[in-house]
Amino acid sequence: MPINDWQFWVVTLVMLASLWLLKLVLLPKKKGTKATLTVGGKPVGKKPKSKSKDCNCG
């Protein structure tokens, strides 16, 4: 490898920069916190917890 040649270092830096840009474009970004869907101040899709221990199965 011609490590004393300036062109080697220029090409190496360009390659590293292009790999960094590909990483930014192709890899998924970190997801933020999820928001809770509410209608009228009450969460949607969650069933209220029963306060009694009876399962109302029968």
Side-chain angles (χ1 to χ4, degrees):
M1 264 194 311
I3 59 173
N4 292 330
D5 191 7
W6 66 271
Q7 294 169 340
F8 169 77
W9 293 110
V10 170
V11 171
T12 302
L13 289 175
V14 169
M15 181 213 41
L16 289 174
S18 64
L19 287 175
W20 179 70
L21 285 173
L22 278 174
K23 175 190 165 275
L24 288 178
V25 172
L26 296 179
L27 292 180
K29 294 177 177 39
K30 293 181 181 178
K31 295 183 180 180
T33 58
K34 294 184 179 180
T36 306
L37 178 63
T38 60
V39 174
K42 297 180 182 178
V44 176
K46 290 187 178 180
K47 295 184 179 184
K49 293 182 180 179
S50 176
K51 292 183 180 179
S52 66
K53 293 185 181 180
D54 186 23
C55 70
N56 297 330
C57 298

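Among all heavy-atom pairs drawn from Pro43 and Thr36, the shortest one is CB-CG2, 4.2 Å.
For Ile3, the side-chain contact (heavy atoms from CB on, under 4.5 Å) criterion is met by Met1, Phe8, Trp9, not counting sequence neighbours. Qualifying side-chain contact (heavy atoms from CB on, under 4.5 Å) partners for Asn4, counting only residues two or more places apart in sequence or in other chains: none.
Through chains of ILVMFWY side-chain contacts below 4.5 Å, Leu26 is grouped with Leu22, Val25.
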